[in-house]
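Notes to accompany the following structure.
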Amino acid sequence: MMNAFMTASVLFQSVLGPVESESLWNSLKLMGLGMLGILIVMVLIWVVIAVLNKATSGHKGEK
């Protein structure tokens with residue numbers, strides 16, 4: 001798998017010039033951190049919704 005990235009990074013030429021493998025790994029790391037952040041926010045929203053559902057589920061008789 002590592003060789004595939006190295007070969008792809010050597011063969012790929014962008015508009016701004018050749019792509020270095022270090023730049024490729026840095027961008028993948030940054031993308032992974034961004035996706036992790038999105039996952040954490042989604043889990044926090046899910047927890048807040050679950051807590052609010054538990055807190056308000058006992059008041060079904062009131063309208």
Side-chain angles (χ1 to χ4, degrees):
M1 184 79 174
M2 184 77 159
N3 286 338
F5 280 120
M6 293 298 185
T7 304
S9 68
V10 170
L11 295 176
F12 182 73
Q13 296 286 327
S14 72
V15 176
L16 300 175
V19 175
E20 300 171 359
S21 61
E22 183 179 345
S23 299
L24 181 67
W25 288 114
N26 286 339
S27 64
L28 287 174
K29 180 181 174 185
L30 186 61
M31 182 183 66
L33 289 173
M35 293 176 73
L36 179 64
I38 291 170
L39 178 68
I40 289 170
V41 169
M42 288 174 56
V43 168
L44 287 175
I45 291 171
W46 177 75
V47 166
V48 168
I49 291 172
V51 168
L52 288 173
N53 278 337
K54 289 284 186 182
T56 61
S57 64
H59 302 293
K60 289 185 180 180
E62 293 182 27
K63 285 191 177 184

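By the criterion of side-chain heavy atoms lying less than 4.5 angstrom apart, applied directly or through intervening Ile, Leu, Val, Met, Phe, Trp or Tyr residues, I40 is not grouped with W46; the two fall into different hydrophobic clusters. With hydrophobic clusters built from ILVMFWY side chains whose heavy atoms lie under 4.5 angstrom apart, L44 shares a cluster with L36.
Legend: residues meeting side-chain contact (heavy atoms from CB on, under 4.5 Å) with M31, ordered by chain and number and at least two apart, are L28, M35.
Other cluster members for M42: I38, joined by side-chain heavy-atom distances under 4.5 Å among Ile, Leu, Val, Met, Phe, Trp and Tyr. Hydrophobic clustering, defined by side-chain heavy atoms of Ile, Leu, Val, Met, Phe, Trp and Tyr closer than 4.5 Å, groups I45 together with V41, I49.
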